[in-house]
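As structure tokens, the structure follows; a few thoughts come after it.
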Amino acid sequence: MRLRTIAGIMLALIAAMDAAAQNKMTGINVVLNTTPTAKILAALGQHGRVRDVVEEISAVTLQARESELAAIRALPFVAAAGFDQPRKA
């Protein structure tokens with residue numbers, strides 16, 4: 001019985017850690033399928049803070065919760081979106 005209690009507590013902690021990880025703020029890079037407009041930037045702003053706009057390549061960088069990635073990818077003007085990755089020299 002004690003082993004079950006410990007296992008249950010560990011599973012609860014793992015679930016809580018997973019939920020906390022999804023609420024972590026991170027950089028998200030977004031490639032648009034159209035030119036960025038004020039309306040598009042406002043819509044992206046509903047999911048996080050718009051940090052940079054690179055009009056030449058129709059790209060936007062956001063600071064958002066990790067859990068927002070799926071919703072951002074589902075937007076009709078988003079061609080691709082992914083987490084920012086560290087650069088290697």
Side-chain angles (χ1 to χ4, degrees):
M1 185 68 168
R2 184 176 177 154
L3 185 57
R4 284 187 184 170
T5 302
I6 292 171
I9 291 170
M10 290 188 70
L11 287 174
L13 287 172
I14 290 170
M17 288 171 49
D18 186 47
Q22 288 201 358
N23 282 327
K24 181 178 143 190
M25 296 296 282
T26 190
I28 296 178
N29 300 319
V30 181
V31 177
L32 305 173
N33 57 20
T34 187
T35 305
T37 64
K39 186 175 179 178
I40 287 173
L41 297 177
L44 288 169
Q46 296 295 312
H47 299 280
R49 183 171 59 91
V50 175
R51 296 187 67 187
D52 294 304
V53 178
V54 185
E55 292 185 26
E56 296 83 3
I57 59 171
S58 297
V60 178
T61 63
L62 300 172
Q63 187 72 23
R65 298 200 183 284
E66 289 182 357
S67 59
E68 290 292 319
L69 182 59
I72 292 167
R73 285 179 172 161
L75 295 169
F77 47 80
V78 172
F83 296 125
D84 194 19
Q85 299 296 314
R87 300 205 190 286
K88 297 180 181 174

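Sequential numbering from 1 along the given sequence is applied to the chain's residues.
No chain of hydrophobic side-chain contacts below 4.5 Å, direct or via other Ile, Leu, Val, Met, Phe, Trp or Tyr residues, connects M25 to V30. Side-chain heavy atoms closer than 4.5 Å link hydrophobic residues (I, L, V, M, F, W, Y) into clusters, and following such links, even through other members, never connects V31 to L62.
Closest of all the heavy-atom pairs between T26 and E66 is CG2-CG, 3.4 Å. The two residues I28 and A81 make their nearest non-hydrogen contact at CG2-CB, 4.4 Å.
Proximity of a side-chain donor or acceptor of S58 to a complementary backbone N or O of N33 within less than 3.5 Å is not detected. N29 contributes no side-chain N or O that, together with a main-chain N or O of Q85, makes up a donor-acceptor pair within less than 3.5 Å.
To the nearest 0.5 Å, the span separating OG1 on T35 from CD1 on I57 amounts to 12.5 Å.
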Considering only distance and modelled atom types, tabulate donor-acceptor pairs under 3.5 Å from the side chains of residues 38-55, sequence neighbours left out.
| from | atom 1 | to | atom 2 | distance (Å) |
| --- | --- | --- | --- | --- |
| H47 | ND1 | E68 | OE1 | 2.6 |
| R51 | NH1 | Q63 | OE1 | 3.2 |
| D52 | OD2 | T61 | OG1 | 3.4 |

